[in-house]
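Structure first, commentary second.
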Amino acid sequence: MSFCLKKNLLDMNLYKENPALKFQLGHPLMEKIVALKEQNFADKDKYDYAPQDFEDAIDSYDRILEIVGEICGDIIAPNAESVDHEGPQVINNRVKYARGTQENHDALAKAGLYGMALPRQYGGLNFSMVPYVMAAELVSRADAGFANIWGLQDCAETIAEFASEDIKAEFLPRVCAGETCSMDLTEPDAGSDLQAVQLKATFNEEDQTWYLNGVKRFITNGDAQIKLVLARSEEGTNDGRGLSYFVCDNKHDDRIKVRRIENKLGIKGSPTCELVFTNAPAKLVGTRRMGLIKYVMSLMNGARLGVGAQSVGLSAAAYEEALAYARDRRQFGKAIIEFPAVFEMVSMIKAKLDASRAILYECTRFVDVYKAYEAIEATRKLTPEEKADYKEYQRLADAFTPMLKMFSSEFANQNAYDCIQVHGGSGFMKDYACERLYRDARILTIYEGTSQLQTVAAIRHVTTGGYLKQIRAYENMEINPIFNPIRARLVAMTEKYEAIVNAVVETKNQEYLDFVARRLVEMAGHIIMTYLLIIDATRDEQFRTSAEVYINYAEAEVEKHYSFIKAFNIDDIELYKA
Ligand SMILES: Cc1cc2nc3c(=O)[nH]c(=O)nc-3n(C[C@H](O)[C@H](O)[C@H](O)COP(=O)(O)OP(=O)(O)OC[C@H]3O[C@@H](n4cnc5c(N)ncnc54)[C@H](O)[C@@H]3O)c2cc1C
């Protein structure tokens, strides 16, 4: 019976089966995004696959996503189980993917689905971020571990943005042809604190080449052909200002050895490597010393969006598995979905899925607009109005990215946990996909910056009023009057949020602010996501239930954090110190 159930969930086009994605593609801001991205549709005369106009662009996003959805349903999802069992291996310091991983990769490469967001001149599809992130969500829905390998094409974005023309011409067509990438930042003593990176970059005057020496660890897809490496180029430095960013062609000689693959809890198909660099030649990307401050920050922001998509994809899988099982399984003479304790769990999984998807695409639209302006600015001067618009969207993207990463990854974990609970004892067995989802979810709150580090990035948007400003903007948006009672509750929640933020800020106590930071960010996040749900539900009835369910949860969470902070005695922080 279990395999029969799984079969029902596979063998389908994961894009066509998901009306929420098509809905996001129809968002009003898409017209502006496409106009900025396609720049008067100038490519239409050069490339036969470039869109002629807005409708044509959306139509091509739709068609490509259908192909992604088909590959995900027909190949990647059915392979997920065997990949999880088999995993990759290290043979002679090289990585060999599991059979299913290789098949997934080959199918996507053959369909031209690497380099989706790269410019057409390098063989890319010049997709805006929204459809690209949708593809990432779909791949993750099929197999969250494989989403890493495919999603590392993100690395190419920083090459396109910051590298010289020569480097772009050398590497970008290779990414579009299906060569994979890795992002080599972490070292044994440099995890959350990347300023501590020690891998050494030395410039040889004789052959005018940089060489890398040292160790990296926890590198996903570490044996990729194209590697982006953070390294210490400035001798005698110890902080982020001594680091530069390099691209490294992994020629599969002995210069970059995979010493081992980690034995992990989840995402087992995704090889996490320890690497030794021995005089590995590399090329400098952009300017020396700007490695961490500028390029890696940009890379990580893109990757955080990727983990957001990965988290939403995993939540979608958890929802589908939980719902199918709850409808199928009978106890006490009826399907377990009919018990309030079970339908409450399933509807909360759905509400958290819809809330995290709403913030994922809202954030992605903000990124899309500012990135498109950034690309235009490289070719001409922006008008003052354009510049102001660019800065505003960049600010919103900065504020929403850590919030999205934190919430979507935490929700994916909660949803995977509840998915097992809905399955009862069967959920603990390998027969059902939910135990894999549970293991795969656990990394999401850790890599690309832990939830604690997302809070560090988000808190300034609490203290400077950035989130509040956006909450007020949502408050003033036109909504279906049936949601007025929800809006009234949100206004009351916002008053509490504002009052408690002011109270914390007024203490001028940094340690206290850090102590309650996550609660404050969560309060803002719950308000924002509920607004997004009622705005979406105004455009489409399919989100109404989630909006009405989520507000009850959001209100209780906001109240909980408010009460905690209000009642908290600052001196009690001492009690928490180990
Ligand atoms: C499966 C996997 C894949 C990975 N893939 C890659 C990859 O492709 N490329 C790459 O470069 N790295 C990768 N990483 C590394 C990953 O990004 C780091 O593990 C992560 O950033 C955390 O660093 P750490 O493990 O050293 O933990 P630590 O930094 O030691 O953190 C330990 C704990 O301390 C907390 N903490 C640390 N500093 C602070 C602070 N300032 N404020 C509050 N709390 C703090 C953290 O939240 C965490 O709870 C991967 C890791 C894993 C496990």
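Note that ligands are numbered from 1 as they come in the structure, with each ligand's atoms numbered from 1 the same way.
Checking Lys264, Arg260, Arg259 one by one against Glu262, the salt bridge (charged side-chain N to carboxylate O under 4.0 Å, His left out) holds for a single residue, Arg260.
Proximity of atom 32 (C) of ligand 1 to the protein is not indicated, since no non-hydrogen protein atom lies closer than 4.0 angstrom.
Between Thr220, Asp514, Leu185, Leu194, it is Thr220 that holds the heavy atom closest to atom 8 (O) of ligand 1. Of the candidates Leu152, Thr445, Ile219, Ile446, it is Ile446 that places a heavy atom closest to atom 20 (C) of ligand 1.
Taking the six-membered ring where the residue is Trp, Tyr432 and His423 present perpendicular rings, their angle passing 60° and hence far from 30°. Using a 30° and 60° split on the angle between ring planes, Tyr576 and Phe568 fall in the tilted class, from 30° to 60°.
Note: no N/O pair closer than 3.5 Å links Thr272 and ligand 1 by distance alone. Here's the thing with Gln452: one of its N/O atoms is less than 3.5 angstrom from an N/O atom of ligand 1.
Separation of the Tyr497 and His561 ring centroids does not fall under the 6.0 Å cut-off.
At least one heavy atom of Glu448 sits under 4.0 Å from some atom of ligand 1.
A side-chain donor from one of Gln510 and Asp514 sits under 3.5 Å from a side-chain acceptor of the other.
Considering only non-hydrogen protein atoms, atom 25 (O) of ligand 1 sits nearest to Phe218 CE1, 4.1 Å.
A donor-acceptor pair under 3.5 Å links the side-chain atoms of Asn221 to the main chain of Cys181, judged by distance alone.
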